K.L.:
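Right, I'll just put the structure down here and ask away after.
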Amino acid sequence: MRVSKLFGKTQKETPAEAETASHRLLLRAGMINQVAAGVYSYLPLGLRVLKKIAGIIRDEMDKAGGQELMMPVLQPLELWQETGRDKAFGRGLFTLSDRRERRLVLGPTHEEVVTRLVGHNVQSYRDLPLLLYQIQAKFRDEPRPRGGLIRIREFSMKDLYSFDTDEEGLDKSYKKMLQAYKNIYTRCGLPSLQVEADSGAIGGKDSHEFMVVTEDGEDEVIYCEKCKYAANVEKAQSVKGRVEGGEPLPREEVATPGAGSIEEVAGFFKIPPSHTLKAVFYIADGKLVFIVVRGDIEVNEVKLKNALGCTDLRFATEDEVTQAGIVAGAASPIGIKGLKIIADDSITSGTNFVAGANKPETHLKNVNYPRDFKADLVTDIAQAHAGEECPRCGGKLSSTRGIEVGHVFKLGTFLSEKLGALFIDADGASHPIIMGCYGIGLDRLLAAAIELHHDDKGITWPISIAPYHIYLCALHTEDPDVAAAAEKAYNDLEAQGLEVLFDDRAESPGVKFNDADLLGIPIRVTISPRTLEKNSAEIKKRSEKEARLVPLEGISSKLTELVSQGLSGLSNPV
RNA sequence: CGGGGUGUAGCGCAGUUGGCAGCGCGCAGCGUUUGGGACGCUGAGGUCGGCGGUUCAAGUCCGCCCACCCCGACCA
């Protein structure tokens with residue numbers, strides 16, 4: 001490709017809205033263009049990167065035994081109503097009506113469609129296991145798109161679905177995918193961290209995310225250096241510890257003027273917050289629920305949502321709490337009737353807690369569970385933090401931020417049961433097919449690659465996903481010798497199968513070098529009167545400072561070698 | 001959803017008490033230049049986000065709307 005003909009210009013100045021490195025550089029490099037919030041066009045250079053990533057993913061999916069297919073973006077809403085996941089997605093679902101007023105959705109994912117498809121095409125255990133995948137546009141009406149390509153509303157996703165006859169089969173498929181995912185990130189030049197993840201209200205047992213660790217990441221990961229425990233903070237656990245309160249004592253009412261918040265109450269009684277019980281109120285699917293946690297613990301909303309099995313969760317307003325007959329500042333689970341009470345298991349970690357009395361400015365001493373009140377559910381709904389103890393080995397937990405570039409789930413049989421995707425086993429008995437699903441966001445992977453691979457001059461693409469391998473830079477194109485030598489080199493290199501971006505513009509050297517750096521092409525080859533004096537061209541890697549002269553004779557085989565070296569450096573030993 | 005902010009040329013921005021629509025980059029033409037974003041001259045390019053209002057006069061003041069960006073999704 002000739003730069004003079006390339007659609008998409010580089011920019012010196014960064015568009016105002018861009019904050020993250022990948023967003024800034026993609027815009028400046030002329031690789032993407034914003035159409036609406038969370039909606040982007042890919043220009044030729046950006047698209048080449050996306051296609052490279054797709055190629056690597058496709059290769060690894062095929063190697064793992066996946067079969068590629070293509071499902072539609074348009075899907076009937078009824079299909080989503082059958083599984084109830086229209087509600088789970090809620091307003092994140094893009095919906096529309098056709099001319100006959102039939103309701104359709106723009107697919108946010110394809111479990112429903114693929115399950116129905118497999119239901120139609122699989123009858124026997126002999127047809128299983130099965131791995132089906134596609135690379136295709138997904139639509140999600142995110143509440144807040146952000147960071148350029150990091151969170152967008154129309155995005156490219158590789159989604160693979162596994163279908164097995166039993167749990168062992170699912171385990172096998174799952175492990176295959178974990179390995180394939182690791183290979184993909186390695187080949188894209190991205191060190192990835194596999195972490196335990198929340199699987200959502202409708203998920204199955206196991207779920208893992210793959211994170212690219214970077215400051216600008218949206219997600220927080222809690223991990224243990226010692227035993228390698230790592231989990232998304234949404235899922236992460238930590239040791240809550242015991243609170244020594246002695247033998248249970250008789251309950252006692254105490255006037256606590258002016259003490260409302262946990263800090264004030266703890267201060268009033270001169271006890272640490274961990275010796276109190278905190279009441280928190282949420283509205284879950286329209287209903288007020290009463291949450292009790294130890295005073296030093298915060299509620300993890302994702303865990304709570306899972307515990308409640310609800311799709312919509314928000315804080316209750318003060319009015320809603322008061323109307324339920326609860327006294328703000330002294331709320332108490334004791335004597336509450338008609339409200340669902342969910343407690344964190346930390347309330348059983350000690351004795352003689354201080355809790356509200358549900359009377360203005362009054363608290364209760366020596367509250368003990370389950371002597372004094374009963375929760376409908378006692379489970380882990382606590383937020384874990386760095387600095388706390390690892391639940392596996394007791395080591396100290398740390399925290400980092402990351403970009404989620406992949407997510408895999410063991411789905412189980414929820415969807416196959418709902419949609420009638422069954423198989424007959426060897427004994428003639430019918431069972432629902434056991435499913436897993438495995439997703440990679442290509443656009444986000446692309447953005448994450450830039451977050452990790454850039455410097456003050458621009459992008460530094462790993463060669464496996466760079467839009468071109470070589471930036472051929474001709475200086476003094478008005479010199480016929482330069483023009484001829486550069487044209488010849490361009491043709492020779494392309495003939496060798498190398499991907500060359502040929503800067504044939506009549507621009508000054510500075511402009512060309514800066515563009516080469518901004519675009520992040522891994523190898524720069526310069527031909528100028530100066531290099532021609534020595535019958536040479538100059539080769540410089542984007543990652544290195546120094547250039548070196550190489551004879552023009554045989555330069556294409558020299559460069560072929562460099563490129564294949566670079567590519568093999570990223571691939572996994574199979 | 002809540003909070004904050006921004007909309008003026010392709011991009012980055014200025015525009016005072018309401019009084020001719022500006023600058024830099026980029027773009028086009030000509031000329032001089034060329035190893036890390038060269039220079040001169042000439043030129044093109046605008047529903048000032050939209051609608052309504054106030055006014056002799058609105059980019060500027062008022063109202064409504066829209067779009068986009070950023071922060072938060074822990075208070076009993």
Side-chain angles (χ1 to χ4, degrees), chain A residues 8-20 23-24 27-28 30 33-39 90-91 142-148 151 216 218 233-234 259-265 276-283 288 290-293 295-305 312-322 324 326-333 355-356 358 360-361 363 381-383 385 456-458 473-479 482 503 505-518 524 526-533 538 540 545 547 549:
Chain A
K9 277 197 178 54
T10 58
Q11 291 178 324
K12 266 193 237 177
E13 275 165 312
T14 303
E17 74 270 13
E19 301 253 317
T20 55
H23 192 194
R24 275 199 321 266
L27 288 169
R28 281 193 55 210
N33 179 259
Q34 185 173 24
V35 176
V39 182
R91 297 184 3 106
E142 296 287 344
R144 185 151 95 86
R146 62 200 285 187
R151 181 172 292 273
D216 282 322
E218 289 192 298
V233 71
E234 294 175 351
S261 70
I262 286 296
E263 267 183 24
E264 290 161 357
V265 171
T276 70
L277 295 181
K278 180 159 74 176
V280 187
F281 301 93
Y282 283 90
I283 304 288
L288 186 72
F290 195 125
I291 312 299
V292 190
V293 299
D296 60 324
I297 282 173
E298 291 165 359
V299 174
N300 177 320
E301 288 188 9
V302 174
K303 289 182 183 178
L304 177 58
K305 213 168 156 177
D312 188 53
L313 187 71
R314 63 169 175 85
F315 275 121
T317 64
E318 221 167 307
D319 281 353
E320 285 166 331
V321 172
T322 313
I326 290 155
V327 178
S332 175
N358 214 25
E361 313 210 309
H363 282 76
I381 52 169
Q383 185 81 14
H385 295 96
D456 56 339
K457 289 186 175 301
C473 209
L475 304 184
H476 294 275
T477 45
E478 76 289 352
D479 180 333
V482 169
D503 196 341
R505 297 173 299 173
E507 290 287 351
S508 68
V511 171
K512 296 186 177 191
F513 292 154
N514 279 302
D515 277 348
D517 288 344
L518 175 59
R524 192 183 78 195
T526 306
I527 294 178
S528 70
R530 193 186 290 183
T531 67
L532 286 184
E533 267 175 33
E538 184 189 272
K540 181 189 163 298
K545 266 218 152 65
L549 274 183

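Please read these numbers as outputs of a predicted model, since none were measured by experiment.
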K.L.:
For the side chain of A:Arg28 and the backbone of A:Thr10, is there at least one donor-acceptor N/O pair under 3.5 Å apart?
P.N.:
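Answer holds: no.
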
K.L.:
Can you figure out which of B:C25, B:G36, B:C70 approaches the side chain of A:Lys457 most closely?
P.N.:
B:G36

K.L.:
Given the rule that a pair is Watson-Crick or G-U wobble with both distances under 3.5 Å, how would you write RNA chain B in dot-bracket, using | for pairs to a different strand?
P.N.:
(((((((..((((.....[..)))).((((((.....)))))).....(((((..]....))))))))))))....

K.L.:
Does A:Arg144 make a side-chain donor-acceptor contact with the base of B:G2, cut-off 3.5 Å?
P.N.:
no

K.L.:
Classify A:Glu19 by what it touches in the nucleic acid, base, sugar-phosphate, or nothing, heavy-atom distance under 4.0 Å.
P.N.:
sugar-phosphate

K.L.:
Considering every strand and a 4.0 Å limit on heavy-atom distances, what is the contact class for A:Gly147: base, sugar-phosphate, or nothing?
P.N.:
sugar-phosphate

K.L.:
Just compare B:U34, B:G37, B:A73 and give me whichever is closest to any side-chain atom of A:Pro143.
P.N.:
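The answer is B:A73.
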
K.L.:
Of the nucleotides B:G36, B:C68, B:U34, which has the atom closest to the A:Glu478 side chain?
P.N.:
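Between B:G36, B:C68, B:U34, the one nearest the side chain of A:Glu478 would be B:U34.
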
K.L.:
Across the strands shown, which category fits A:Asn300 at heavy-atom distances under 4.0 angstrom: base, sugar-phosphate, nothing?
P.N.:
base

K.L.:
Regarding B:G12, can its base be found pairing with the side chain of A:Gln11 as donor and acceptor, where the two atoms are less than 3.5 Å apart?
P.N.:
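No.
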
K.L.:
From the set B:C74, B:C71, B:G37, return the single nucleotide nearest to any side-chain atom of A:Arg146.
P.N.:
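Nearest to the side-chain atoms of A:Arg146, counting from C-beta on, is B:C71.
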
K.L.:
Identify all pairs in which a protein N or O lies below 3.5 Å from an N or O of nucleotides 38-41 of chain B, and state each distance.
P.N.:
residue, atom, partner, partner atom, Å
B:A38, OP2, A:Ser508, OG, 3.1

K.L.:
State whether the distance check finds a donor on one side and an acceptor on the other, under 3.5 Å, for side chain A:Arg28 versus base B:G37.
P.N.:
yes

K.L.:
Under the salt bridge (charged side-chain N to carboxylate O under 4.0 Å, His left out) test, which residues partner A:Glu142, sequence neighbours left out?
P.N.:
A:Arg151

K.L.:
Does a nitrogen or oxygen in the side chain of A:Gln34 sit under 4.0 Å from OP1 or OP2 of B:C69?
P.N.:
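The answer is yes; a side-chain N or O of A:Gln34 sits under 4.0 Å from OP1 or OP2.
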
K.L.:
Classify the nucleic acid contact of A:Phe290 as base, sugar-phosphate or nothing, counting any heavy atom under 4.0 Å across all strands shown.
P.N.:
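Result for A:Phe290 = nothing.
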
K.L.:
Just call it for A:Ala279: base, sugar-phosphate, or nothing, with non-hydrogen atoms closer than 4.0 Å on any strand.
P.N.:
base

K.L.:
So, taking the atom named CG in A:Asp479 and the one named CG in A:Leu532, what distance separates them when rounded to the nearest 0.5 Å?
P.N.:
7.0 Å

K.L.:
Please report the distance separating the P of B:G7 from the corresponding atom of B:G12, rounded so that it comes out in whole Å.
P.N.:
11 Å

K.L.:
Can you find a side chain N or O atom of A:Arg91 that sits less than 4.0 Å from OP1 or OP2 on B:C1?
P.N.:
yes

K.L.:
If the C1' atom of B:A58 is compared with that of B:G50, how far apart are they to the nearest Å?
P.N.:
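Pairwise C1' distance, B:A58 against B:G50, rounds to 15 Å.
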
K.L.:
Does any non-hydrogen side-chain atom of A:Glu301 lie less than 4.5 Å from one of A:Lys303?
P.N.:
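No, every pair of side-chain atoms sits at 4.5 Å or beyond.
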
K.L.:
Let me know, please, whether A:Thr526 or A:Ile326 comes out on the 5' side of the other along RNA chain B by nearest nucleotide.
P.N.:
A:Thr526

K.L.:
Hey, what do you get for CG (A:Asn300) to NZ (A:Lys305), rounding to the nearest 0.5 Å?
P.N.:
11.5 Å

K.L.:
Identify which nucleotide among B:G37, B:G12, B:A76 has an atom closest to any side-chain atom of A:Glu13, counting heavy atoms from C-beta outward.
P.N.:
B:G12

K.L.:
Does any N or O donor sit under 3.5 Å from an N or O acceptor when you compare the side chain of A:Gln383 with the base of B:C74?
P.N.:
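Yes.
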
K.L.:
Kindly say whether A:Arg505 contributes a backbone atom to a donor-acceptor pair with the side chain of A:Lys512 at under 3.5 angstrom?
P.N.:
yes

K.L.:
Verify, without hydrogens or angle tests, whether A:Lys9 (side chain) and A:Gly30 (backbone) share a donor-acceptor contact under 3.5 angstrom.
P.N.:
no

K.L.:
Using a 4.0 Å heavy-atom cut-off across all strands, classify A:Thr477 as base, sugar-phosphate, or nothing.
P.N.:
nothing

K.L.:
Under 4.0 Å, heavy atoms only, any strand: does A:Ala316 hit a base, just the sugar-phosphate, or nothing?
P.N.:
base

